[in-house]
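Here's the structure we're looking at; comments come further down.
By convention in this document, chain letters (A, B, ...) are assigned in the order of the sequence lines, proteins followed by strands, and residues within each chain are numbered from 1.
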Number of protein chains: 2
Amino acid sequence: MKYFTRRSVLLLLSICLSWNADAQQLLGFHSESARKQLSLEAAFDKQLQAKNLNEWMKLMTAYPHQVGSAYGLKNALFIKDKLASWGFEAKIDTVQVLFPTPKVRIVELTEPTKFKAALLEKSFREDATSSQTKDVLPPYHAYSARGDVTAELVFVNYGIPADYDELEKLGIDVKGKIVIAKYGNSWRGIKPKVAYEKGAIGCIIYSDPKEDGYFQGDVYPKGPYKNETGAQRGSVVDLPQAPGDPLSNGFYAAGDKKRLTVEEAPAMMKIPVLPVSYADALPLLKALGGQVAPASWRGALPITYHIGPGPAKVHLKLDFNFDIVPCYNVIGTIRGSDFPDQWILRGNHHDAWVFGAADPVSGAVAEMEEARAIGELLKTGWKPKRSIVYCFWDGEEPGLLGSTEWVEKYESDLKEKAVVYVNSDGNGRGYLGAAGSHTLEKFINQVGRDVMDPEKGTSVLERLRSKMIVEGKAEARSRADLRIGALGSGSDYTPFIQHLGIASLNLGFGGEDEGGDYHTIFDSYDDFVRFKDADFAYGIALSKTAGRTILRFANADILPFEFGNFSNTVNGYATEVKKLLETTRTSAEEHNRLLSEGRFEAVADPKEARQMIKPMPVAPYLNFAPLENALIGLQESADAYTRAIADPGNISAGTIAQVNQIIYKTERFLINEKGLPKRPWYRHQIYAPGFYTGYGVKTLPMIREAIEQKNWREAEEGIMRVSEVLQQFSAEINKAIVLLK
Amino acid sequence: MKYFTRRSVLLLLSICLSWNADAQQLLGFHSESARKQLSLEAAFDKQLQAKNLNEWMKLMTAYPHQVGSAYGLKNALFIKDKLASWGFEAKIDTVQVLFPTPKVRIVELTEPTKFKAALLEKSFREDATSSQTKDVLPPYHAYSARGDVTAELVFVNYGIPADYDELEKLGIDVKGKIVIAKYGNSWRGIKPKVAYEKGAIGCIIYSDPKEDGYFQGDVYPKGPYKNETGAQRGSVVDLPQAPGDPLSNGFYAAGDKKRLTVEEAPAMMKIPVLPVSYADALPLLKALGGQVAPASWRGALPITYHIGPGPAKVHLKLDFNFDIVPCYNVIGTIRGSDFPDQWILRGNHHDAWVFGAADPVSGAVAEMEEARAIGELLKTGWKPKRSIVYCFWDGEEPGLLGSTEWVEKYESDLKEKAVVYVNSDGNGRGYLGAAGSHTLEKFINQVGRDVMDPEKGTSVLERLRSKMIVEGKAEARSRADLRIGALGSGSDYTPFIQHLGIASLNLGFGGEDEGGDYHTIFDSYDDFVRFKDADFAYGIALSKTAGRTILRFANADILPFEFGNFSNTVNGYATEVKKLLETTRTSAEEHNRLLSEGRFEAVADPKEARQMIKPMPVAPYLNFAPLENALIGLQESADAYTRAIADPGNISAGTIAQVNQIIYKTERFLINEKGLPKRPWYRHQIYAPGFYTGYGVKTLPMIREAIEQKNWREAEEGIMRVSEVLQQFSAEINKAIVLLK
């Protein structure tokens, strides 16, 4: 039985003027269909069982299951079979990808004393899988260069551009040196990339105990934090340029285009780089001389942090098997009854670095349980109006390989049909985390309002609101909707939103599940059920949140996009970049004044190394008028759409369908086909991962990064480009408004 | 030959209308006398020789010289003889004081493992005196209680009241426990005092390497920071109640009043307390269980900081010799030619905890060199118009014993005759540090303008200005005078300013001389000449600064007090306390709102210990009008005095003398005879050491501390009392203005 027919929609529309004026209403649903939707969601919730998540996680994390592994394939088949058994049309979509694994890993101190790093994580009785060795990838960085280098060591703090500014002031050059950087404050791939740009010939990244070790709390297995042997694996592919298989960057790996060799691939890291534990880092850091590191650089090791270079000299030797391996995406589909060519996409990856209980299985099993519950709804005769597509990505860890290749493969279909993509990844106990397209902000607030927190008697939204209020974010009290974050990168939403302009959400719970297990062998089932989400209550909360999101999109009368919050958010971003320019200007002016007045010279301690302080370029005034005008237009369109939707008059189902077609594609108009400067794959003009932060988002990226990099002409071009996409975006909304009148 | 006669003053006055309008002029000097004064100062500067400081320091720090020690007496005699040889009338003013020294010191972990603290500082080849043992006081706290206690340990962060608020929230009680606190963030005596008030039965204070150990830089002897054996000695007498011999608190020890017994003395610490090194603290802290300490509590030891209580159990046993020892103040006087009964006082202590090169000998030898140079000026026939009194205090370390008893002994003389007291203490390489009565702010700015920085081509004032500007203190650019700090306690100015209302200054250089030597055996000559002020250039800078201060006061035509800056400063304090009340109110309101809305409950992690959060009392509105009116009166008087002084008309020397008599006593009117609440010895109503900070100043203390302690009635009484003293003060200025008209 269909949930309701097109005809009934039409009839209901004729007698009801208000679609979503009442907070109790559901955005996108007429009150009668809202009632039905809520009872559907209640039925969905009833199906969800924590014991399934537990059972599946235990099974799926029993052995290492990185991309290309035997157990990875086993998991993929397991998921596929499950999806099929739940009534999905399930298949495995395979693509061949480059996945390097380590052959040689040597880090040793050669001067002034000798020390050879163990590069090995300890096993513990309390952690059943920690004693496995078969198929276990040791700590390494995928897509590091091969290399055999010996050089003086330099400590570069987090190894981000600002740290090299500081080093330059201190007169320290890393040219020809090996750098050692702390994990944190940027995506890891930024660290060797910047080191390479600065002339370093090798890079070591270590986990300082200040970040996620004993400084934060008891270490594993006593507590959840990183013990002295834990080391964080991870990819160092040039993700901010483009994710996906580095041999087919920007295009589908199995398509017609010729793939590159490893040597040709621009996304490969150019220098050898390796992660080490703090037990391995300590003797290296201790052996450093030279200037004492600035206070903010110092970690929690029991040493005085020196910068070097030397006298510590390090030998770093790395070699890899550059294998092409199969990457198994599992895709399960339920065809929509009314609009089969409108796809509501849901995804979570299934590959891990090793056992990956938290990352990614905690999210994957929640997604599986959603699929199972949807299967139960199907058994009652219900069908979604739109097609539902449940994806389980492989090869996320090395660089979003599975999702990116899949998106590139189905690009033309997706551009036409994808309504929304809903992602999750690791999940644990705590607060709702929601980020994504701000056209979905009001929608996801309603979803959060309707999901109860398993620890507290309130909704997950109210709990999050309480947190924000307690943290002093006054707006959380006064603004009806809580703000959601913007998406940078770091999980599989990236190809959807950044490359194709598909409105996306990333959902998950966390904040009461901290630890140091990320990308170590200790991200295990035993760790998870002790420290992350013991009873999988927050796994179920994720199923409820993401499942509701999918069901509402699948059934909505008018797709639940809203533009007022988007307009308000982009206005905020514009204010930020204007302020950034202003601050950049005034701080450069003040710096230059201090310099010309001799103030730096006056306060320099003659017993310390002389600082090289240079004048700073002063930012010109830029013409923000086009952006400001575009924002006024956007505001008007957003307001008019809200009014039109609130009082749609007597509108046919056909018109509604036309409106929906326009509305879900509005995000496409935030794309510019040329992409961002120096990285055409990233085409979204409102959200992008930072060129020098990696995962961290930069909003209005072309303007913001140009100002940060003091490229004033590009900033002005960015203003024009953002203004254009906003105008196009508003024009689309206006088309919908005309239809609704 | 007299420098100039009363008659010449009169003559000069008659022909000169401007006293200090020109920045090139000297405050308090007519232009002709200013010229002579400047040439006197040039002659003074010429006499100063760094090699004397070096030689005297080496001699005076060769053996331990705490109060009551044989070498302390030797130093006192040495200084007295020197003063006499330079033409001073020199004597030793001796008083008997209580000075406990340790007999038994035991700190041991009894559970869950055994460990006995070494309580011993290591000796090093690089530090010649570090191998001495004779007369060396081991690390201990003077005026600790005797005791033999065994109890569970609790880590209390800095052990200040705010830390106990946090403990209360976490549901942790220290009753019957031994607490361990970090050094820092308050005077040490506050820590056991608050612990006792909270019911603890013992207290251990350790130096966390984050504060002054390896976190800050290389440790001694490689660098200047605290090595793992260093422990900070010090007094824990109840200094914020009253300094001086605890057996004669508030009165002269050798006077008629009967002295207390040790058992009766209220200023004695009530529980046993001992300082330990971080090597000794580490096993104790490591053995703690219970909740993980808040992030801001954690130091730089390689452990997870837990709060306890237990399972760590500690045995603390202390016993002392409660000896009465002689305390030798050395006093050298040069009788003033014109106004012998106006005393210009200068002081620095000579006693140390052990060798005390930095604290206090670096300051004492600078003061001695001033005295020697003044002696050289005397040889040329010059004589100061006012009497100069050079003091070298004993027993400062245990609790300002020498200076306080001396001030109490000569109270009536000092009330009548003391014009100004100029203090110094430890001194090193770096920036001018000046704090004191704000009636002297303009004066000391002029002094700083006239002393050259030995490292840079600018004046010490301009260098300080550069530092403030580089640190972003915009006012340092726009305001002609740099602001000076207010005096709390911690050195010998306290009895002068806080008890008697004698305008005071504390002077010194520092900021490029950091280390971890404070009150350890490593505060030695070897340490000093490597890390503090190798060539004694800043010792000479101190001699120039303090010497100029003394010479200008000794010779000034009109005493160089100025009230505009004082008025401006007190206005600022009033704004601060009003804002404090406002913030106290709004933060309590917000806290109570969060509590009543259930926000704390909503965000509490059910897996962590339940926090006890109670409603906060909301501050009422207080009547600040009397203070505001008094401040307007003060502003008017200050302005009028500045005008009167700028254009004094035809005034006789007798009138000038009358004006001077009034002016230098104005500070007396900032005293209220009742003193501050709960501590009548502290009588200054504008400046006091904090009741719960110890050394740290609290300005407008009665108002500010009452608000902090939420005692609203006392705050209102404080407003009245401050208003009264400001009115009296203004009335005195007005008397001088009438004379000048």
**Interatomic distance, B:Thr520 atom OG1 to B:Asp527 atom CG [nearest 0.5 angstrom]** = 7.5 Å
**Item:** Validation row: A:Leu170, A:Gln611 side chains within 4.5 angstrom (heavy atoms)
**Value:** yes
**Asked** Would you find a donor on one side and an acceptor on the other, under 3.5 Å apart, between the side chain of B:Thr229 and the backbone of B:Lys122?
**Response** yes
**Prompt:** Which residues in residues 278-294 of chain A have any heavy atom lying under 4.5 Å from a heavy atom of chain B?
**Reply:** A:Val292
**Prompt:** Which residues, numbered in order, of residues 218-228 of chain A come under 4.5 angstrom of chain B by heavy-atom distance?
**Reply:** A:Asp218, A:Lys222
**Asked** Quick one: does B:Val460's side chain get under 4.5 Å of B:Phe509's, heavy atoms only?
**Response** yes
**Message:** Tell me whether A:Lys456 at atom NZ has more than 12 heavy atoms from other residues, nucleotides or ligands lying less than 6.0 Å away.
**Reply:** yes
**Request:** Flag the one option from B:His306, B:Glu608, B:Lys210 with the top tally of heavy-atom pairs under 4.5 Å to chain A.
**Result:** B:His306
**Sorted by number, residues from residues 582-595 of chain B in contact with chain A (heavy atoms, under 4.5 Å)** = B:Glu590, B:Arg593, B:Leu594
**Item:** Spatial distance of atom CD1 (A:Ile540) from atom OG1 (A:Thr545) [nearest 0.5 Å]
**Value:** 11.0 Å
**Item:** Portion of A:Pro209 that has a non-hydrogen atom of chain B nearer than 4.5 angstrom
**Value:** neither
**Most chain A-contacting option - heavy-atom pairs closer than 4.5 Å, from B:Arg465, B:Glu601, B:Glu512** = B:Glu512
**Interface residue of largest heavy-atom contact number with chain A, from B:Glu455, B:Glu462, B:Lys607, under 4.5 Å** = B:Lys607
**Asked** Is a side-chain N or O of A:Asn445 found less than 3.5 angstrom from the main chain of A:Arg449, in a donor-acceptor match?
**Response** no
**Message:** With a 3.5 Å distance limit and no angle check, can you tell me whether A:Ser459 reaches the backbone of A:Asp450 through a side-chain donor-acceptor pair?
**Reply:** no
**Prompt:** Among B:Gln216, B:Lys467, B:Arg298, B:Glu597, which has the most heavy-atom pairs under 4.5 Å with chain A?
**Reply:** B:Arg298
**Exam field: side chain A:Asp208 to backbone A:Ala300, donor-acceptor pair closer than 3.5 Å** = yes
**Message:** Tell me whether A:Lys182 contacts the main-chain N or O of A:Trp297 through its side chain, where contact means a donor paired with an acceptor under 3.5 Å.
**Reply:** yes
**Item:** For chain B, the option from A:Phe600, A:Tyr431, A:Tyr305 that forms the most heavy-atom pairs under 4.5 Å
**Value:** A:Tyr431
**Message:** Quick one: does any side-chain atom of B:Asp533 pair with a main-chain N or O of B:Ala537 as donor and acceptor, under 3.5 Å?
**Reply:** yes
**Item:** Non-hydrogen atoms of A:Asp535 and A:Ala50 that approach each other most closely
**Value:** O-CB, 3.4 Å
**Request:** Look at the side chain of A:Ser466 and the backbone N and O of B:Arg599, then say whether any donor-acceptor pair between them is shorter than 3.5 Å.
**Result:** no
**Message:** If we ignore hydrogens and angles and just use 3.5 Å, is the side chain of A:Thr304 paired with the main-chain N or O of B:Tyr214 as donor and acceptor?
**Reply:** yes
**Pairs of heavy atoms under 4.5 Å with chain B: top-ranked of A:Gly457, A:Ala604, A:Gly213** = A:Ala604
**Prompt:** So which heavy atom on A:Tyr206 is nearest to which on A:Ser277, and how close?
**Reply:** CB-O, 4.3 Å
**Interatomic distance, A:Glu166 atom CD to A:Ile307 atom CD1 [nearest 0.5 angstrom]** = 7.5 Å
**Asked** Where is the tightest heavy-atom contact between A:Phe528 and A:Ala357, given as atom of each residue plus distance?
**Response** CB-CB, 3.9 Å
**Item:** Main-chain N/O of A:Gly428 paired with A:Lys532 side-chain donor or acceptor, under 3.5 Å
**Value:** no
**Fill in**
All heavy atoms of B:Pro309 vs all of B:Ile172, minimum pair found to be CD-CG2, 4.2 Å
**Asked** Which members of residues 469-483 of chain B, sorted by number, sit under 4.5 angstrom from chain A on a heavy-atom basis?
**Response** B:Ile469, B:Val470, B:Arg477
